[in-house]
Amino acid sequence: THHPVPKKRYTFVIYLALFHVAFVVLMGFFSKYDLSNKNGTSNSSGLYAILFHFCFIILFALFTKYDPIYGQSQVPGLYAMFMDVHSMMFIGFGFLMTFLKRYGYGAVGLNFIIAAFVLEWSILVRGWLEAGINGEADFTINIKSLLVADFCAAAVLISFGAVIGKASLSQLIVMATFEVVIQGVNELIGLHYLQAYDVGESIYVHVFGAYFGLAVSKVLQGTREIESTKESSHYHSDLFAMIGTIFLFLYWPSFNSAVAVDEGQTRAIINTFLGIASSCVATFIISLLVGKGRLNMVHVQNATLAGGVAVGAVADMQIEPFGAMIIGTVAGIISTLGFQFLTPTLNETVVHDTCGVNNLHGMPGLLSGIASAIVAATATRENYNGNRLYVFYPSRTPMSNSTEYSNFSLDLTEFSRGGMGRTAAVQGGYQMAALAVTLGMAIIGGIITGYIMKLPIIEQIQDIEEMFDDEPNWLTPEDYSLKLTE
Amino acid sequence: THHPVPKKRYTFVIYLALFHVAFVVLMGFFSKYDLSNKNGTSNSSGLYAILFHFCFIILFALFTKYDPIYGQSQVPGLYAMFMDVHSMMFIGFGFLMTFLKRYGYGAVGLNFIIAAFVLEWSILVRGWLEAGINGEADFTINIKSLLVADFCAAAVLISFGAVIGKASLSQLIVMATFEVVIQGVNELIGLHYLQAYDVGESIYVHVFGAYFGLAVSKVLQGTREIESTKESSHYHSDLFAMIGTIFLFLYWPSFNSAVAVDEGQTRAIINTFLGIASSCVATFIISLLVGKGRLNMVHVQNATLAGGVAVGAVADMQIEPFGAMIIGTVAGIISTLGFQFLTPTLNETVVHDTCGVNNLHGMPGLLSGIASAIVAATATRENYNGNRLYVFYPSRTPMSNSTEYSNFSLDLTEFSRGGMGRTAAVQGGYQMAALAVTLGMAIIGGIITGYIMKLPIIEQIQDIEEMFDDEPNWLTPEDYSLKLTE
Amino acid sequence: THHPVPKKRYTFVIYLALFHVAFVVLMGFFSKYDLSNKNGTSNSSGLYAILFHFCFIILFALFTKYDPIYGQSQVPGLYAMFMDVHSMMFIGFGFLMTFLKRYGYGAVGLNFIIAAFVLEWSILVRGWLEAGINGEADFTINIKSLLVADFCAAAVLISFGAVIGKASLSQLIVMATFEVVIQGVNELIGLHYLQAYDVGESIYVHVFGAYFGLAVSKVLQGTREIESTKESSHYHSDLFAMIGTIFLFLYWPSFNSAVAVDEGQTRAIINTFLGIASSCVATFIISLLVGKGRLNMVHVQNATLAGGVAVGAVADMQIEPFGAMIIGTVAGIISTLGFQFLTPTLNETVVHDTCGVNNLHGMPGLLSGIASAIVAATATRENYNGNRLYVFYPSRTPMSNSTEYSNFSLDLTEFSRGGMGRTAAVQGGYQMAALAVTLGMAIIGGIITGYIMKLPIIEQIQDIEEMFDDEPNWLTPEDYSLKLTE
């Protein structure tokens with residue numbers, strides 16, 4: 001059963017090569033270092049980069065304005081958290097998907113190339129979007145840019161989980177190319193225009209990634225039923241997958257708190273720690289019950305993490321430790337039940353979801369979005385020690401000409417230029433709006449991307465025999481063909 | 001050989017579910033965030049939490065006193081070290097125990113649920129103990145609380161190592177429930193009442209966890225001899241175990257230095273680094289000698305780490321680099337010899353110790369305790385640059401009305417209210433006392449807990465065939481039954 | 001095929017034991033803690049240590065001068081990065097080499113003992129070299145000493161990659177003993193005398209380690225052709241190797257930036273991140289092309305990382321993001337082509353290179369060295385915002401009596417005592433000189449060390465049957481002998 005290599009795979013190579021070269025060129029034109037130590041606050045860089053390519057001397061005469069802070073490193077604060085998130089992308093997602101007994105190379109290897117491709121592409125896309133918002137011609141790169149690129153990779157890798165084993169390399173890179181743009185635009189709408197807050201990216205990454213991936217899977221699959229004996233695990237492939245699970249579990253507090261500020265960061269760490277521990281406990285309980293007294297590795301590998309997703313959008317808010325635990329517990333229950341009862345049915349009737357991303361990212365993400373609306377709609381100045389409320393809900397800062405503005409003794413240094421003066425209920429509504437917009441963008445974007453991935457120019461996987469199998473994509477070692485007969 | 005699921009397993013599910021729900025409720029009643037940036041220094045919170053449940057408005061009017069420092073995150077200092085320790089619990093302990101060829105799911109999976117359960121439970125238990133000492137009604141949670149919960153998990157996971165493969169899920173959770181309380185009380189006695197210092201938790205975690213687990217194992221086992229062909233490794237299960245070993249090796253300096261202060265933290269890192277490297281070198285030397293020229297994976301996986309344990313209780317002290325190396329070397333030798341000669345004998349005659357925790361945690365921990373007494377008994381003001389002595393041995397701070405107090409120009413800001421004025425020899429005695437109390441608490445607590453675990457209401461593993469085997473607890477993949485015949 | 005244990009292995013045990021004891025004794029005589037919080041800046045300690053061994057009281061009366069800063073920890077800045085690098089040594093290198101189907105214990109186990117041995121030995125060697133330069137009698141240990149020890153371990157572990165499976169334990173420890181000294185002397189010549197900068201150690205560690213190892217391999221091999229069916233992978237051994245690959249990929253930004261300063265550290269992180277992502281993308285492109293549409297695990301495990309090496313020597317320089325990407329891309333291409341075409345030929349005709357270190361460390365390191373010369377030769381005051389140039393190229397600081405010195409308003413606090421006043425071109429020449437010296441020292445040092453390793457007193461591996469096989473060195477489990485027939 002040696003599968004011949006389809007000619008179209010070379011189209012993919014050309015595609016990947018062209019894109020990579022384009023990325024390098026585009027980086028040359030548009031990106032500069034941001035060497036300030038103010039993590040994530042981008043400085044005004046004007047038209048520097050265009051001038052740069054015409055005139056080095058003028059550029060560097062202007063350089064001090066572009067980046068006024070020398071003699072400092074951005075490392076101490078953000079870098080360790082970025083590294084934790086970085087590990088989640090490559091070790092966490094990569095190994096989590098190695099549970100497939102004959103797709104281990106694909107899981108960790110294709111995860112590797114997709115993530116690396118997305119890191120490059122998303123720095124450009126996010127840079128352009130940010131430059132566009134700020135009316136600038138180029139953008140700067142700092143540690144936070146790398147972190148945001150990892151978040152963006154998370155969305156694509158979640159979508160990858162829905163289609164792993166069923167899409168060709170070429171299709172996956174095409175998917176990544178479009179998803180990065182659509183996800184970036186959606187997050188811009190949500191954060192910038194709707195001002196809906198989501199510190200742990202549960203809405204903008206988890207919900208988006210899951211339903212985008214499921215929409216793609218549906219389009220790729222059509223009405224075809226996918227049933228393969230290869231879609232299962234071996235004893236050791238399950239242990240490899242547990243490496244991924246544990247790394248995701250460990251570093252989730254960093255994922256949810258990396259961009260949080262001040263005391264919100266401490267809260268985000270504590271809430272995620274308690275929420276994800278709660279989903280772990282809940283998963284073991286439900287798994288034993290539905291497994292008639294036996295634990296199921298699929299649940300332990302996945303549903304244990306649902307609390308990290310579900311706490312995400314409210315992680316930095318004053319939800320109290322027991323609130324985080326309740327959210328995590330509910331997520332663990334929903335997720336385990338989803339893996340046990342929902343996915344087997346959906347796989348046959350609606351859409352095939354290889355890793356069950358609907359259970360780990362989709363439904364817990366929706367839960368998190370709804371929780372964020374409820375928490376926002378009930379947040380008071382009392383909860384947040386008065387003016388600190390406006391640190392976590394900037395949109396609720398009173399307008400500068402309002403009586404509240406002066407009553408609450410707000411000033412320009414702390415809350416610049418006043419705010420939009422939203423009420424709690426209105427903010428709750430905007431959270432729900434962002435969730436709805438995200439769902440819509442993900443599903444419509446995924447359908448369009450899915451049809452592009454089905455264009456005849458791109459390599460397709462036709463034969464179910466070729467699915468969930470490393471052999472079509474990889475040179476395999478001598479013992480590989482023996483493994484299936486075990 | 002498909003084992004039927006015992007009905008009593010469902011009792012465990014109810015137990016776990018009830019406890020988890022109880023934890024959530026208790027967190028709601030007793031815990032609050034500590035959002036200050038003073039890691040680990042808990043603020044006086046008075047009766048806030050009880051008022052909280054009656055009256056939100058009064059609570060939040062008082063809120064600024066409870067947590068006066070806003071606008072800051074606890075992250076920079078402690079968080080990275082907490083994450084290292086967190087990794088040791090889930091990756092380190094979890095994978096270290098995967099060496100058993102047919103208990104890999106159990107090693108990493110049961111390690112996962114036990115650790116998550118303990119994290120929740122120990123935050124409550126430690127919170128109550130601390131609140132009790134301070135005469136308060138509730139407690140606050142900060143990053144240090146999460147770190148202490150991980151230390152507590154370490155004790156339980158060490159005990160798990162003594163009984164892994166021989167105790168049911170239900171029994172393990174019962175063990176965790178009691179051990180957290182007894183370990184917490186013992187550490188309170190040692191640190192608060194005896195003022196015996198143990199920065200790396202060698203006494204309060206390693207000695208306690210090892211002998212508690214061995215006492216439990218003895219009670220469970222009774223006079224039954226346990227001999228199973230399943231209690232051995234496969235080639236790849238040994239490689240999985242090495243993941244655990246290496247992570248424990250890497251992050252041990254963080255374990256021993258996380259709660260150290262000032263220059264003591266630097267010393268703790270250097271001493272642990274040198275001590276654990278020394279035990280690694282010593283282990284390879286002894287392993288080759290006793291293995292007649294061949295290395296033994298059991299030694300490499302375990303005894304290499306003994307230096308981390310043995311340096312623990314004195315890691316932040318002025319023991320000099322070569323002192324740390326001598327301690328690590330001795331620990332590596334003792335531990336390797338223990339695995340080679342002691343454990344096989346003890347397993348047959350006294351108590352069965354699956355992972356050899358006596359060799360990795362027990363004896364090196366005792367060594368560390370004895371070292372801490374010697375180091376304490378010989379510590380002088382000269383060693384520690386004068387008054388710095390009292391930073392590392394607060395109990396030796398002269399009493400405020402003594403002549404030494406004024407001679408050494410101590411003042412209230414640096415050494416508040418004077419101290420107990422212990423001499424070096426007395427402090428050495430207290431270190432030995434803490435070690436003795438810990439041994440007693442561990443053994444007696446373990447025996448009592450063991451008998452509770454044998455109550456007929458709790459699922460027991462009767463058949464030696466069911467031991468060291470994932471099949472009774474897990475849904476296993478198709479290749480699992482084939483592995484044994486290999 | 002049970003190989004008897006050669007008697008000479010016990011010589012190795014004696015060797016290792018003697019050295020370890022010698023290390024402990026030497027640490028006692030020469031090393032002290034550096035407890036200041038100025039990472040890596042060693043304080044003048046004069047003749048303290050010699051006095052120390054005669055007279056405790058005088059020593060400690062002088063102690064405040066030796067280490068004036070108490071009450072502070074070195075942790076926040078450097079420690080997290082040190083931990084990342086530490087992980088690369090033990091997890092990264094250890095697991096990367098587990099790809100050999102029958103040498104997994106050897107990969108991760110011998111990597112473990114070699115690294116631990118080198119950590120001890122290199123702290124001494126580097127301490128003596130530094131003390132010699134400063135005209136002091138002893139040296140201090142701080143967090144940076146541990147980091148430098150890990151860098152030194154990297155060089156030895158790279159050399160290990162060239163000879164893994166073909167050298168006995170005894171030979172490996174002998175190699176480590178000599179390589180640490182020669183590598184240390186070479187880096188001293190490069191950094192101190194030639195003032196050639198290499199922030200990511202591409203020249204002093206990667207080039208040195210690769211060609212030292214290849215020279216050793218050539219001497220060991222002689223004209224003998226090495227061909228073994230055991231020199232290949234299994235499906236799961238490739239997945240274990242990917243653990244190593246991913247950890248090296250993740251933490252490479254920390255490797256290249258750990259000793260960088262100020263804004264150079266931010267640049268080093270961004271450049272390494274982009275460079276290594278680029279080599280990953282380039283590797284997948286070339287691997288598919290040369291594999292006739294199929295990916296090759298050897299490429300994915302190794303060449304993906306070449307960008308980290310290639311960016312190393314210029315990582316903290318103003319090379320711009322797209323510059324880092326071009327360097328990484330070229331490195332990925334060269335490295336993949338090297339694995340595909342060069343190594344198979346070289347293995348048969350010139351020198352056997354088990355892990356292909358020439359492709360991952362050798363050629364990308366040479367590329368980095370050449371890049372460092374070009375970048376140095378084109379660096380201007382304008383690139384670096386004026387005087388900041390002299391932070392990254394201290395050798396270019398104008399001499400204190402020159403007109404430039406006063407024109408550029410340099411002063412004693414910022415650029416002490418003026419500099420050597422090198423021009424850009426001269427600095428470029430010194431970078432090339434350092435690269436040439438390193439190549440020479442590595443090859444000549446490797447040849448000499450190789451001949452020492454062939455001394456009859458040291459255990460040799462004669463039989464090709466014993467190569468790439470764990471059985472001669474380890475007690476192996478029951479399933480080990482079956483694996484080969486799979």
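Below, read A as the first sequence line, B as the second, and so on, with proteins coming before strands; counting in each chain starts at 1. When reading the values below, keep in mind they use all heavy atoms of this one structure, side chains included, and skip hydrogens, waters and symmetry mates.
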Using non-hydrogen atoms only, which part of [X] is less than 4.5 Å away from chain A: side chain, backbone, both, or neither?
X        : result
C:Ser278 : both
C:Ile286 : neither
C:Ile333 : neither

Practice task
Find the distance between CD (C:Gln301) and OH (A:Tyr105) and round it off to the nearest 0.5 Å.
Solution key: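 Output value for this atom pair is 7.5 Å.
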Problem - From CZ (C:Arg267) to CD1 (A:Ile141), nearest 0.5 Å - result: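 Separation between the atoms: 13.0 Å.
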Handout entry: Counterpart residues, salt bridge (charged side-chain N to carboxylate O under 4.0 Å, His left out), relative to A:Glu459 (two or more places apart)
Key =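 A:Glu459 satisfies salt bridge (charged side-chain N to carboxylate O under 4.0 Å, His left out) with A:Arg9 only.
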Practice task
Select one option (side chain, backbone, both, neither) describing which atoms of A:Phe90 are under 4.5 Å from chain C's heavy atoms.
Solution key: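 Both parts, backbone and side chain.
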Exercise for the section: May I ask you to check whether C:Phe247 and A:Phe247 place their ring centres under 6.0 Å from each other? Expected result: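 Under 6.0 Å, so yes.
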Exercise for the section: Indicate yes or no for a side-chain donor-acceptor contact from A:Tyr79 to the backbone of C:Ser254 under 3.5 Å, with no hydrogens or angles considered. Expected result: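 Yes, the answer is positive, given that a donor and an acceptor are paired below the 3.5 Å cut-off.
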Practice task
Would you mind telling me which of C:Thr329, C:Leu274, C:Ile326 has the largest number of heavy-atom pairs within less than 4.5 Å of chain A?
Solution key: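 Top count of heavy-atom pairs under 4.5 Å with chain A: C:Thr329.
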Practice task
Heavy atoms only, distances under 4.5 angstrom: which of C:Ile285, C:Leu295, C:Asn271 has the most pairs with chain A? Name it, please.
Solution key: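 Maximum pair count with chain A is reached by C:Leu295.
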Practice task
May I ask you to decide if the ring planes of C:Phe273 and A:Phe82 are parallel, tilted or perpendicular, using 30° and 60° as cut-offs?
Solution key: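 Judged by the thresholds at 30° and 60°, the geometry between C:Phe273 and A:Phe82 is tilted.
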Practice task
Please assess A:Phe117 against C:Phe284 for the test ring pair (Phe, Tyr, Trp, His ring centres under 6.0 Å), listing each intermediate value before the final yes or no.
Solution key: CA-CA 10 Å; A:Phe117 179 87; C:Phe284 274 83; over 10 Å; no
